[in-house]
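Report on the structure given below.
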Amino acid sequence: MTVPSQTVATEPGPAPDGGAGAPRGIRLLRRAAARMRAARYSGLLLCAALAVFFTLQSPETFPTRATFTGIAGDQSVTLILALGLLVTLAVGQFDLSAAQNLGMSAMVCGVLMVHHQVSPAVAVLVTLLIGLLVGLVNAVFVAVVGIDSLIATLGMSSVLLAVTGQVSDYQFVGPVPAGFQDVANHEVLGVPSVALYAVVLSVAAWYVLEHTPVGRRAFAVGANPDASRLAGVRTARYVAGSFVVTSLFAATAGVLVTAKIGNVAPTLGPAYLLPSFAACFLGTTQLKPGRFNVGGTVIALLLLAVGVKGLQLNGSQLWVTDLFNGVALLAAVSAALLSGRIRPKLGQRQRQRQRQRRRAARAGRATAR
């Protein structure tokens, strides 16, 4: 009985570890899988490499406290808007009006305080309520009427642009009261307070999306709305709620940017759209590949911020910022699509190897008997 058993054990078969005996296709897929696992943290490594590079290029300007606080303060508003966009992206929708909602909210908040002498607390409350109203309108158009989210929010963005122009008369508004500016510019241990707000909102968004039933159902709706509906999830409510949450985040970002800069331009909002979406999609290549996640978005935004700031300090022209963000967005979407094609192949190969090992084990037990 020993001889047949040895025969089974020495029969050529697929190498479970993807060694030299494995087919070439399996070895290539295993290498690709290993690289994908390493790529989860590639953003941090690339960010560190960029920091070292720009430190060597600009030793007097880049590795300074001013650069750190500038990145933290400038990108905090973008991060808050990106967190709001993550919510709609998680349920499979797009909100193209979020950036203009930010700009409109900033303008309304500034006009209320500067032109109408409204107290900062009341101005903030009114601004957030208007942002909530924008989210409800988007929710009705998408979840109730059934308009595609791209079309509905693109139209809403144009409406908000018109509202911004009418409210501001296409003029700068400011400065807002100095006490209100301290809300965003006050530093705690050398960190701007606006960055601390962004951290708190990031932790809250991470907890809700990753560790609550609401977050899990939201991702389920985004992955397969039909299956989620058949499983009892009220998909329309989650879609509608996502637009409301995104609008509240956008309005909050608008309030904070008003406090941060003090003077609001009527063209403020659109500049935040591309960096926020770029951070969200680039974040799908980090930590949890193929899935929108808060941690990946934070890493992606940090990477974009370090790259842009370094190029600016090296004397690059203003258009480099848009070029950098656009290339990052294209690269992120391409990487997400390619990884989405590779993962099913890896899973199929793995299932085939498991079936072959089970058949070999059954054959060995039958021969032993």
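Under the 4.5 Å side-chain heavy-atom criterion for grouping Ile, Leu, Val, Met, Phe, Trp and Tyr, V114 is connected to I130 within one hydrophobic cluster. Under a hydrophobic clustering in which Ile, Leu, Val, Met, Phe, Trp and Tyr are joined whenever their side-chain heavy atoms come within less than 4.5 Å, directly or via other members, L85 and V244 fall into different clusters. Linking Ile, Leu, Val, Met, Phe, Trp and Tyr whenever their side-chain heavy atoms come within less than 4.5 Å puts M113 and V167 in one cluster. In the hydrophobic clustering of ILVMFWY residues, with side-chain heavy atoms under 4.5 Å counting as a link, L248 and V194 come out apart. When the side chains of ILVMFWY residues are joined at heavy-atom separations under 4.5 Å, either directly or via intervening members, V306 and L323 end up in a single hydrophobic cluster.
Of the possible polar contacts, one joining the Y197 side chain to the V183 backbone as a donor-acceptor pair under 3.5 Å is found. S157 places no side-chain N or O within 3.5 Å of a backbone atom of T153 that could act as its donor or acceptor partner. Between the side chain of S247 and the main chain of L132, no donor-acceptor pair closer than 3.5 Å is present. A donor-acceptor pair under 3.5 Å links the side-chain atoms of D148 to the main chain of L150, judged by distance alone. N314 places a side-chain N or O within 3.5 Å of a backbone atom of G310 that can act as its donor or acceptor partner. Judged by distance alone, the side chain of T297 and the main-chain N or O of G283 form no donor-acceptor pair under 3.5 Å. S193 places a side-chain N or O within donor-acceptor distance of the main-chain N or O of A184, the cut-off being under 3.5 Å. Of the possible polar contacts, one joining the T64 side chain to the T61 backbone as a donor-acceptor pair under 3.5 Å is found. Q181 places a side-chain N or O within 3.5 Å of a backbone atom of V176 that can act as its donor or acceptor partner. Checking side-chain atoms of T69 against main-chain N and O of A66 turns up a donor-acceptor pair under 3.5 Å.
Taking the ring axis of Y238 as reference, the NZ or CZ atom of R217 does not stay both within 45° of it and closer than 6.0 Å to the ring centre.
Taking the six-membered ring for Trp and thresholds of 30 and 60 degrees, W206 and H211 have ring planes more than 60 degrees apart, a perpendicular arrangement.
For the residue pair S168 and V173, the shortest heavy atom distance occurs at CB-CG2, 4.4 Å. Of all heavy-atom pairs between L313 and S58, the closest is O-OG, 4.1 Å. Nearest heavy atom pair, residue A99 against residue P270, reads CB-CA, 4.4 Å. Listed here is the closest heavy atom pair of S105 and A251: OG-CA, 3.5 Å. Of all the heavy atoms in C47 and L302, the pair that sits closest is SG-CG, 3.8 Å. Closest approach of S276 to A82, counting heavy atoms only: O-CB, 3.9 Å.
Residue F141 places its CZ atom among 12 or fewer non-hydrogen atoms of other residues, nucleotides or ligands, all under 6.0 Å distant. Within a 6.0 Å radius of NE2 in H186, no more than 12 heavy atoms belonging to other residues, nucleotides or ligands are found. More than 12 heavy atoms of other shown residues, nucleotides or ligands fall within 6.0 angstrom of atom CZ in R229.
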(message) Determine whether I299 and L303 satisfy the following criterion, side chain to side chain contact (heavy atoms under 4.5 Å, CB included), listing intermediate values before the conclusion.
(response) CA-CA 6 Å; I299 293 174; L303 173 62; 5.5 Å; no
(request) Begin with the C-alpha distance, continue with both residues' side-chain angles, and end with the deciding distance and a verdict on side chain to side chain contact (heavy atoms under 4.5 Å, CB included) for S76 and L256. (result) CA-CA 9 Å; S76 296; L256 290 176; over 6 Å; no
(message) With side chain to side chain contact (heavy atoms under 4.5 Å, CB included) as the criterion, how do R291 and T284 come out once you've worked through the C-alpha distance, each side chain's angles and the decisive distance to 0.1 Å?
(response) CA-CA 5 Å; R291 177 176 176 177; T284 62; over 6 Å; no
(message) Quick one, V264 with F172, criterion side chain to side chain contact (heavy atoms under 4.5 Å, CB included). Give me CA distance, side-chain angles, the key distance, then yes/no.
(response) CA-CA 6 Å; V264 184; F172 277 81; over 6 Å; no
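For the pair V257/Y272, a side-chain contact is recorded, criterion being any heavy-atom separation below 4.5 Å from C-beta on. Side-chain contact between F243 and T88: present, with at least one pair of heavy atoms (C-beta onward) separated by less than 4.5 Å. Side chains of V191 and V199 form no contact here, defined as non-hydrogen atoms less than 4.5 Å apart. Between L112 and V122, every side-chain heavy-atom pair lies at or beyond the 4.5 Å cut-off. The side-chain heavy atoms of K309 and Q75, taken from C-beta on, include no pair separated by under 4.5 Å. At least one side-chain heavy atom of V134 sits under 4.5 Å from a side-chain heavy atom of M104. At a threshold of 4.5 Å between non-hydrogen side-chain atoms, the residues L209 and F292 do not count as touching. Counting heavy atoms from C-beta on, the side chains of L273 and Q100 never come closer than 4.5 Å.
Taking OG1 of T127 as the start and CE of M107 as the end, the distance is 11.5 Å to the nearest 0.5 Å. Between atom CG of residue L189 and atom CD of residue E187 there is a gap of 10.0 Å, rounded to the nearest 0.5 Å. S97 OG to L102 CG: the interatomic distance, rounded to the nearest 0.5 Å, is 11.0 Å. With values rounded to the nearest 0.5 angstrom, M156 atom CE is found 8.5 Å from N101 atom CG. Note that the CG atom of L128 and the CG atom of L133 stand 12.5 Å from one another [nearest 0.5 Å]. Rounding to the nearest 0.5 angstrom, the gap separating the CG atom in L81 from the CG atom in L86 is 10.0 Å.
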